[in-house]
Amino acid sequence: MENPANVRVIAAIRQIPPGQVAGYGEVARRAGLPGRARMVARLLAGNDDPDLPWHRVVRADGRIAFPAGSRQHLEQCRRLRAEGVRVEGGRVRGMRRSPSLDERLWGDPG
DNA sequence: ACCTTGACAGCGA
DNA sequence: TTCGCTGCCAAGG
């Protein structure tokens with residue numbers, strides 16, 4: 001990792017505790033790189049560290065980014081389930097979708 | 001410099 | 001909820 005940004009992202013991914021998941025954008029945000037979700041994806045695509053909990057990174061809607069049937073998809077699903085994460089139909093359950101900006105600002109269900 | 005591609009995200013229909 | 005479009009950033013040809 002020559003780039004400090006990449007280091008931040010990797011660190012953010014490592015910050016994700018077992019049994020929990022985070023979206024790409026979420027990871028980027030935590031790494032102090034808002035709007036760099038795709039960068040996280042690129043980074044993971046070229047990741048070579050087996051210790052990196054890449055399986056805890058899913059899409060914002062909780063779906064696994066790999067196409068169903070892919071070996072990587074099975075692997076991620078398998079690892080998540082191994083940590084007690086509920087995965088159904090290639091989607092992670094138990095993960096609350098990020099509240100809308102309005103809801104977040106208003107803080108009221110309306 | 002221009003266009004295409006990718007483990008993405010948000011909004012509207 | 002699912003599908004489609006748009007916005008986004010970085011890398012490769």
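Because the structure is predicted, anything quoted here is derived from the model rather than measured. In the text below, chain A, chain B and the rest are named by the order of the sequence lines, each starting its count at 1.
- Taking the charged nitrogens against the carboxylate oxygens, Arg79(A) and Glu83(A) have no contact shorter than 4.0 Å, which rules out a salt bridge.
- In this structure, CG of Asp61(A) is placed 15 Å from P of dG4(C), rounded to the nearest angstrom.
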Audit row: Arg91(A), Val58(A), side chain to side chain contact (heavy atoms under 4.5 Å, CB included) steps and yes/no: CA-CA 9 Å; Arg91(A) 172 188 262 161; Val58(A) 297; over 6 Å; no
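- Rounded to whole Å, atom P of dC8(B) lies 13 Å from atom CG of Leu43(A).
- The separation between Gln72(A) atom CD and dG6(B) atom P is 15 Å, rounded to whole Å.
- Distances from the side chain of Arg91(A) to the nucleotides dA7(B), dT2(C), dG10(B) place dT2(C) closest.
- Within 6.0 Å of CZ on Arg78(A) lie no more than 12 heavy atoms contributed by other residues, nucleotides or ligands.
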Residues Asp49(A), Ile10(A); criterion side chain to side chain contact (heavy atoms under 4.5 Å, CB included); working and verdict: CA-CA 10 Å; Asp49(A) 189 346; Ile10(A) 297 298; 5.8 Å; no
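- Phosphate proximity of dA7(B) to Arg63(A): absent, as no side-chain N or O sits under 4.0 Å from OP1 or OP2.
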Stepwise side chain to side chain contact (heavy atoms under 4.5 Å, CB included) test for Leu52(A) and Arg14(A): CA-CA 7 Å; Leu52(A) 187 71; Arg14(A) 287 194 184 286; 4.0 Å; yes
Treat primed atoms plus P, OP1 and OP2 as sugar-phosphate and everything else as base, then score nucleotides 6-13 of chain C 5' to 3': B for base contact with protein heavy atoms under 4.0 Å, S for sugar-phosphate contact only, - for none. --BBSS--
Side chain to side chain contact (heavy atoms under 4.5 Å, CB included) assessment of Arg38(A) paired with Tyr24(A): CA-CA 7 Å; Arg38(A) 313 209 58 166; Tyr24(A) 291 84; over 6 Å; no
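- Summarising the geometry, the separation between CG on Asp48(A) and P on dA7(B) is reported as 16 Å, rounded to the nearest angstrom.
- Using atom P as the reference point in both dG7(C) and dA7(B), the two lie 22 Å apart (nearest Å).
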